[in-house]
Engineer: 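One structure coming up, written as structure tokens, with questions to follow.
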Amino acid sequence: MTRRYDPCAIEEKWQKTWESERLYSVREDPERPKYYVLEMFPYPSGDIHMGHVRNYTIGDVIARYKTMAGYEVLHPIGWDAFGLPAENAAIKSGTHPAEWTYANIEKQRASLKRMGFSYDWDRTVVTCDEEYYRWGQWIFLKFWERGLVERKSSAVNWCPSCRTVLANEQVLAQGECWRCKSTVEKRELEQWYFKITNYADELLDGLEALPGWPERVKAMQANWIGRSEGADVDFVLCDAEGRPSETIITVFTTRPDTLYGCSFFLLAPEHPLVHELVHGTSYAGPVAEVVEAAAKETAVERMAGERETRGAFTGRHVVNPVNGEKVPVWVADYVLMEYGTGAVMAVPCGDQRDFEFARAYGLPIPPVVIAEDDPALETLREVTGRVVEDVAWDHAYDGPGIMVQSGPFTGMRTGKGGPGVDAVIEWLEARGSGRSAINYRLRDWLISRQRYWGNPIPVVHCRLCGLVPVAEADLPVRLPRAVDITAGETLADHPEFYEVPCPSCGGSARRETDTMDTFTCSSWYYLRYCDARNDSAIWDAEKTRYWMPVDQYIGGIEHAILHLLYSRFFTRVFRDMGLVESAEPFTDLLTQGMVRKDGDVMSKSKGNVVAPEEMIARFGADTLRAYILFMAPPDKDLEWSFEGLEGMYRWLGRVWRLAVDIAEENGCASSSPSAGDAASRVLYRETHRVIGKVTADIERFGLNTSLAAMMELTNAAYDYRAGTPAAERDHALMREVARTLTLLLAPYAPHMTEELWSGVLGQEGSVHRQSWPTFDEDAARAEQVEIAVQVNGKVRGRITVPAGLDENAVIDAALEAVASHLEGREVVRTVVVAGKLVSVVAR
RNA sequence: GCCCGGGUGGCGGAACUGGCAGACGCGCCGGUCUCAAAAACCGGUGGCCGAAAGGCCGUGCGGGUUCGAUUCCCGCCCCGGGCACCA
């Protein structure tokens, strides 16, 4: 037993012991409550970095704590192993993506073990393993059966650098590819989709059932789904002579109550009717200019803020269903084909964009909703027909107000979601020219990728039978190894892969050569952990019933709308299939902050990376673990500090020496007159106060403050030892302090505490199999309390009184303590906060 | 423009539902031990005034509620993030 804390001498020894004893293997135990703690699994691009260390340490502390607190804890790990980085790395180094991927997995596995994480390694999943991805294909087939798979042609995001399409969620705000940051292009392509929009409502409403998720993540998801409620309104198109035709153009609007203010009508430049409307007319030229200019514009330019809107008249009109008025149809480049119907009713008095367009092209701006304090209201209040064609305003008004010039609705109170909205919808519905409707910003999830290193889509294209899914019995469609991606090959270059007989008619057919988005692999891995080695089913529903949902999920905020939304979608589909019970996969979510250095996120390109392995080599995994938890609350960014790491090493050394000293002194015969003296009572109380504080702090993720509390206990023990001669110390108490501190610290510094437990303190079994210390509230209660005394809001004195002293006695003592401040004044009032302070109001 | 965070000593950060602002750590200063250093241990450390006792100021800014506000309310400023011609 050395007096010096030497992590190198103990950490790897215990890691081997834990592994050979399978200390962290778990099984369903219906007798005990379960707890499922999960950290987002890593992508195997190189070795683990500080972000992983932080993520996994947080999870490991929770897992170990919950185990000690009596739960059966599922704490698994795996790898998100398909994807582009492997291909890019393979091209660069001339290897195969599989080789690169598996080599990195081994490297990371060793590093995770070196950190001492308590994973159940028997449940590991690797998404590029055939035994895993075959179930991903199975999911595809099940989604197909449920009508959740669609192949359609549409304008999609194309990354020229990654040479593949991307989902909307994978395009950043600036129109950049989420992986390589190249500018994304729009292309019209036929692709595979998962119909996540079928679940748009559920996914939005379900957020309310997630109180354990950060507001910010829920807000981002709600924003992304973007539900808006309103109405679809049918406008009848007039022919070139101005007579109503058979063609109806429907628009979506959130403000049907402003229909009377519609003075023109807009089509997106990409709208399929545009060409037909102007073909062969004098309007064709100017309209074509607008259409072509819009087509040339990139997403970046489109989003670049201040731009001039362009538009052109088509020469045609539509009929406004509420008043039969004919309004001109224009093409305008601020109308998006992707949202709503690609056609918009323009109400310039109520919409700023329409307002600006009207001013630019000299179109009328009749007012239909007026604020109650607007003087114009007086003259228009009773007018049902239109007498004012233009407003004197300098901007549109979209606030609440009174409807004017609005036929039978004139005089009605209205606004967004106001009574006027419902009244107009009702009116439209009664006449069959409109109906209430909901629109979403969320698009279906584009899942096909024109890349090799992914899960093959299990479908065959047959000229006769069309799209034919591969039979379940024929799964998996194996990803062939012999594809030379360094030569730019994909599956489409390998006839031996794609030339297959049609599963339906047996004729010659072509296998789909696209692979699935990696996010399809990560959308269900947490379910597979529940039954990772099952080779006859995706999982046994009994097992997911026991473990699911994940009680605590921990990972980066960058997945707020990608992985976290997709997983919620998958889980809801599985629920509908009867494969799981809960509709939500993750009960509580913690989004951990980033690890920074010199103000920037650690990254290779910034050159400010601190490698975990180097820190482990110098200070040990326990120091690194405790340090990274101590420096900031888990959800906040953390600024790396080498001095801070050294400080943590010093404290662990202090705890170590304390335990060693106590163990050595234990043999000394205690003269024991001290038992029960003031100093021991203080230390005993402090021990219990800290047990309570650490427990409460872990429960609310205050991992930094829980360590601070343990430091306070350490300091108290040193104070006691400094103030009490060895012969007079209460050795039983000292031993209790050492034992308690070891148990409390076990989740944070698992190796050191294991060594202290059995090696130094001579206890039986693994410290990680012990029960969490019980907090005795009575034991923590102080005998004497210090009370602050305020006079008119300022602290003017302090008194120390026995806890629980009668209130009047406390006031007397308090008044005496601040007597000098009360001279010549009259005490008007006293407020007592039990055990904390007395506030005296004097005049 | 809309929606989320955040602003506290030299630094990282504490302060539970309105109750002693600055726990804990880093850094810095001083001391003990030592030939010396390191390590370790002990003490100090928000600012200003003061020899001290003590006083005044202090949680981005300005108001308000309250015996009492880092915490609640109103109005701003700054920083970070998300969304954005979404009809």
Side-chain angles (χ1 to χ4, degrees), chain A residues 3-4 172-173 214-224 226-228 230 233 251-255 258 266 268 302-307 309 332-336 338-347 350-354 356-357 398 439-441 557-558 560-561 591 593 627 630-633 635-648 650-651 653-654 657 693 696-697 700 702 704-712 714-715 718-719 721-722 786-798 820 828-842:
Chain A
R3 253 200 121 251
R4 206 176 86 81
L172 306 179
E215 272 322 304
R216 148 171 97 128
V217 174
K218 288 192 279 186
M220 281 162 81
Q221 289 208 357
N223 222 326
W224 187 258
R227 174 161 70 194
S228 42
V233 183
V251 298
F252 172 75
T253 176
T254 54
R255 294 295 302 274
T258 63
L266 300 169
R302 242 192 134 120
M303 294 174 190
E306 297 293 303
R307 12 186 321 284
T309 44
D333 66 357
Y334 69 91
V335 179
L336 305 172
E338 313 83 87
Y339 187 77
T341 60
V344 170
M345 63 174 222
V347 181
D351 182 287
Q352 188 58 25
R353 294 157 303 172
D354 297 344
E356 282 162 21
F357 192 83
D398 63 1
N439 240 282
Y440 300 91
R441 218 187 66 94
I557 185 76
E558 67 273 16
I561 40 186
T591 50
Y627 160 77
F630 180 66
M631 283 302 279
D635 58 334
K636 297 278 169 5
D637 284 358
L638 179 154
E639 174 70 26
W640 179 266
S641 149
F642 186 76
E643 290 75 23
L645 185 71
E646 288 182 313
M648 183 51 69
R650 272 200 292 272
W651 175 61
R654 241 163 104 78
R657 286 187 304 275
K693 167 104 175 119
D697 281 358
R700 60 169 188 90
N704 52 336
T705 50
S706 66
L707 280 159
M710 289 184 247
M711 290 172 182
E712 289 178 80
T714 312
N715 294 343
Y718 271 85
D719 284 349
R721 291 170 60 79
E786 193 185 68
I787 288 178
V789 185
Q790 294 183 340
V791 178
N792 292 341
K794 288 190 184 206
V795 177
R796 295 298 184 188
R798 293 168 203 288
S820 65
V828 184
R829 196 179 151 191
T830 52
V831 180
V832 179
V833 181
K836 284 191 174 153
L837 67 72
V838 176
S839 180
V840 181
V841 189

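All chains are named by letter (A, B, ...) in the order of the sequence lines, taking the proteins before the strands, and each is independently numbered beginning at 1.
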Engineer: Can you identify which nucleotide, out of B:C86, B:G25, B:A14, has its nearest atom closest to the A:N704 side chain?
Structural biologist: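 Shortest atom-to-atom distance from the side chain points to B:A14.
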Engineer: Over how many whole Å does the gap from A:E643 atom CD to B:C28 atom P extend?
Structural biologist: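 Result: 8 Å.
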Engineer: Taking any heavy-atom pair under 4.0 Å as a contact, classify A:D354: base, sugar-phosphate, or nothing.
Structural biologist: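 A:D354: no heavy atom of the nucleic acid under 4.0 Å.
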Engineer: Could you give the distance separating B:U71 and B:G18 at their P atoms, to the nearest angstrom?
Structural biologist: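 Here B:G18 and B:U71 have their P atoms 11 Å from each other.
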Engineer: Distance check, P atoms only: B:A15 and B:C72, in whole angstrom units.
Structural biologist: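 Looking at atom P only, B:A15 and B:C72 are 14 Å apart.
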Engineer: When the P atoms of B:A40 and B:C61 are considered, how many whole Å apart are they?
Structural biologist: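 Approximately 40 Å lies between the P atom of B:A40 and that of B:C61.
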Engineer: Between A:E356 and A:R353, is there a side-chain heavy-atom distance shorter than 4.5 Å?
Structural biologist: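 Contact flag for A:R353/A:E356 side chains = no.
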Engineer: From the set B:C4, B:G13, B:G82, return the single nucleotide nearest to any side-chain atom of A:M220.
Structural biologist: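 Of the options given, the side chain of A:M220 lies nearest B:G82.
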Engineer: As a test of reading the structure: which of B:C86, B:G25, B:G6 is closest to the side chain of A:K636, going by heavy atoms?
Structural biologist: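 Out of B:C86, B:G25, B:G6, the nucleotide with an atom closest to A:K636's side chain is B:G6.
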Engineer: Looking only at side-chain atoms of A:T705, point me to the closest of B:G19, B:A15, B:C24.
Structural biologist: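 Of B:G19, B:A15, B:C24, B:A15 is nearest to the side chain of A:T705.
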Engineer: Starting from P on B:A84, measure out to CZ on A:R227 and report it in whole angstrom.
Structural biologist: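 Checked: the CZ to P distance equals 19 Å.
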Engineer: Choose from B:A14, B:G6, B:G19 the nucleotide whose nearest atom is closest to any side-chain atom of A:P633.
Structural biologist: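 Nearest to the side-chain atoms of A:P633, counting from C-beta on, is B:A14.
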Engineer: B:A23, B:C41, B:G13: which one has an atom nearest the side-chain heavy atoms of A:R654?
Structural biologist: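 My answer, after comparing the listed nucleotides, is B:C41.
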Engineer: Please classify the nucleic acid contact of A:R657 as base, sugar-phosphate, or nothing, using heavy-atom distances under 4.0 Å.
Structural biologist: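 Sugar-phosphate contact only - A:R657 comes under 4.0 Å of backbone atoms but never of a base.
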Engineer: How would you label the contact of A:Q790 with the nucleic acid (heavy atoms, under 4.0 Å): base, sugar-phosphate, or nothing?
Structural biologist: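 Base, at least one base heavy atom under 4.0 Å.
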Engineer: Would you mind reading off the distance between A:W224 atom CH2 and B:C3 atom C1', rounded to a whole angstrom?
Structural biologist: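 My rounded result for the distance is 15 Å.
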Engineer: Examine A:R441 relative to A:Y339 and say whether NZ or CZ is less than 6.0 Å from the centre of the six-membered ring and inside a 45° cone about the ring axis.
Structural biologist: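 No, A:R441 does not sit over the ring of A:Y339.
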Engineer: Is there side-chain contact between A:T705 and A:L707, with at least one heavy-atom pair below 4.5 Å?
Structural biologist: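 Result no, sub-4.5 Å side-chain heavy-atom pair not found.
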Engineer: Can you check whether A:W640 reaches A:M631 side chain to side chain, under 4.5 Å on heavy atoms?
Structural biologist: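 Not in contact.
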Engineer: Is there side-chain contact between A:F357 and A:V335, with at least one heavy-atom pair below 4.5 Å?
Structural biologist: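 Counting from C-beta outward, A:F357 and A:V335 never come under 4.5 Å.
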Engineer: Can you name the closest pair of heavy atoms from A:T309 and A:D333 and give their distance?
Structural biologist: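 Shortest heavy-atom separation between A:T309 and A:D333 comes out as CA-OD1, 3.7 Å.
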Engineer: Mark yes or no for whether A:D637, through its side chain, and A:G593, through its backbone, hold a donor-acceptor pair below 3.5 Å.
Structural biologist: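 Not a single qualifying donor-acceptor pair exists.
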Engineer: Given B:C26, B:C83, B:C67, which nucleotide is nearest the side-chain atoms of A:R650?
Structural biologist: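 Minimum distance to the A:R650 side chain belongs to B:C26.
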Engineer: Between B:A23 and B:U34, how far apart are the two P atoms, rounded to whole Å?
Structural biologist: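 It works out to 33 Å between them.
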Engineer: Under 4.0 Å, counting only non-hydrogen atoms across every strand here, what does A:N223 touch: a base, just sugar-phosphate, or nothing?
Structural biologist: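 Touches a base.
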Engineer: May I ask you to test the A:T591-A:R216 pair for a side-chain heavy-atom distance under 4.5 Å?
Structural biologist: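 Heavy-atom side-chain distance check passes, below 4.5 Å.
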Engineer: How many Å lie between CD on A:E356 and P on B:A87, as a whole number?
Structural biologist: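 Atom CD in A:E356 sits about 16 Å away from atom P in B:A87.
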Engineer: Using a cut-off of 4.0 Å on non-hydrogen atoms, how would the nucleic acid contact of A:N715 be classed: base, sugar-phosphate, or nothing?
Structural biologist: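 Sugar-phosphate: the residue A:N715, judged by heavy atoms under 4.0 Å, touches backbone atoms but no base.
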Engineer: How is A:Y440 classified with respect to the nucleic acid when contacts are heavy atoms under 4.0 Å: base, sugar-phosphate, or nothing?
Structural biologist: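 No contact.
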Engineer: Would you classify A:E646 as touching base, sugar-phosphate or nothing, given that sugar-phosphate means primed atoms plus P, OP1 and OP2, and contacts are heavy atoms under 4.0 Å?
Structural biologist: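 Counting heavy atoms under 4.0 Å across all strands, no contact is made by A:E646.
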Engineer: Between atom CG in A:L707 and atom P in B:A14, what is the gap in whole Å?
Structural biologist: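 Checked: the CG to P distance equals 12 Å.
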Engineer: Please list, pair by pair, any protein nitrogen or oxygen found under 3.5 Å from a nitrogen or oxygen in nucleotides 54-57 of chain B.
Structural biologist:
unit_1	atom_1	unit_2	atom_2	d
B:G55	OP1	A:R796	NH1	3.4
B:C56	OP1	A:R796	NH2	3.2
B:C56	OP2	A:R796	NH1	3.1
B:C57	OP2	A:K794	NZ	2.8

Engineer: Return the 5'-most residue of the pair A:R216, A:G647 with respect to RNA chain B, ranking by each residue's nearest nucleotide.
Structural biologist: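 In this pair, the answer is A:R216.
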Engineer: Any idea which of B:C24, B:A87, B:G19 is nearest the A:V831 side chain?
Structural biologist: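 Out of B:C24, B:A87, B:G19, the nucleotide with an atom closest to A:V831's side chain is B:G19.
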Engineer: Expressed as a whole number of Å, how far does the C1' atom of B:U8 sit from that of B:G22?
Structural biologist: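 Here B:U8 and B:G22 have their C1' atoms 8 Å from each other.
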Engineer: Taking atom C1' in both B:G60 and B:C77, compute the distance separating them and give it to the nearest angstrom.
Structural biologist: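 My reading of the C1' atoms in B:G60 and B:C77 gives 7 Å.
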Engineer: Expressed as a whole number of Å, how far does the C1' atom of B:G46 sit from that of B:C11?
Structural biologist: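 Approximately 13 Å lies between the C1' atom of B:G46 and that of B:C11.
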Engineer: Mapping A:K836 and A:M345 onto RNA chain B by nearest heavy atom, which one lands closer to the 5' end?
Structural biologist: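 Between the two, 5'-proximity favours A:K836.
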Engineer: Give the nucleotide from the list B:C67, B:A15, B:A87 with an atom nearest to the side chain of A:Y339.
Structural biologist: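 Given the options B:C67, B:A15, B:A87, the side chain of A:Y339 is closest to B:A87.
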Engineer: What heavy-atom pair brings A:F252 and A:T341 nearest, and what distance separates the two atoms?
Structural biologist: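 Closest heavy-atom pair between A:F252 and A:T341: N-OG1, 4.2 Å.
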Engineer: Got A:V791 and A:V841 here, is their nearest side-chain heavy-atom distance under 4.5 Å?
Structural biologist: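 No, too far: nothing below the 4.5 Å cut-off.
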Engineer: Using modelled atom types and a 3.5 Å cut-off, is there a donor and acceptor pairing between side-chain atoms of A:Y334 and backbone atoms of A:A268?
Structural biologist: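 No.
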Engineer: Hey, does A:G340 reach any base, or is it just sugar-phosphate, or nothing, if we go heavy atoms under 4.0 Å?
Structural biologist: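 Touches nothing.
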Engineer: Is B:G9 syn or is it anti, if syn means the base angle is within 90 degrees of 0?
Structural biologist: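 It is syn.
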Engineer: Runs of at least three consecutive Watson-Crick or G-U pairs, both distances under 3.5 Å, are what I'm after; which ones involve RNA chain B?
Structural biologist: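 When the pairs of RNA chain B are grouped into runs of at least three, the stems are B:1-7 with B:77-83, B:10-12 with B:24-26, B:27-32 with B:40-45, B:46-49 with B:54-57, B:60-64 with B:72-76.
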Engineer: Please name the pair of heavy atoms, one in A:F630 and one in A:N704, separated by the smallest distance, quoted to 0.1 Å.
Structural biologist: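 Heavy atoms of A:F630 and A:N704 come nearest at O-CB, 3.4 Å.
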Engineer: Looking across every strand, which nucleic acid part, if any, lies under 4.0 Å from A:S228 by heavy atom: base, sugar-phosphate, or nothing?
Structural biologist: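 The answer is sugar-phosphate, as A:S228 gets under 4.0 Å only of primed atoms, P, OP1 or OP2.
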Engineer: When the distance from CE of A:M711 to P of B:G12 is rounded to whole Å, what number comes out?
Structural biologist: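 Answer to the nearest Å: 17 Å.
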Engineer: Can you check the A:Y334 OH to B:A87 P distance for me, whole Å?
Structural biologist: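 That distance rounds to 13 Å.
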Engineer: Return the value, rounded to whole Å, for the distance between atom CD of A:E215 and atom P of B:C4.
Structural biologist: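 Distance, rounded to whole Å: 8 Å.
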Engineer: Are OP1 or OP2 of B:C41 and a side-chain N or O of A:R721 less than 4.0 angstrom apart?
Structural biologist: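 Result: no.
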Engineer: When the C1' atoms of B:C56 and B:G43 are compared, how many Å lie between them, rounded to an integer?
Structural biologist: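 Between the two C1' atoms, the distance is 27 Å.
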Engineer: Phosphate oxygens OP1/OP2 of B:C67: is one of them under 4.0 Å from a side-chain N or O of A:R829?
Structural biologist: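 Answer yes for this pair, as a side-chain N or O of A:R829 is under 4.0 Å from OP1 or OP2.
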Engineer: Between A:R657 and A:Y718, is there a side-chain heavy-atom distance shorter than 4.5 Å?
Structural biologist: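 Of all side-chain heavy-atom pairs linking A:R657 with A:Y718, at least one is under 4.5 Å.
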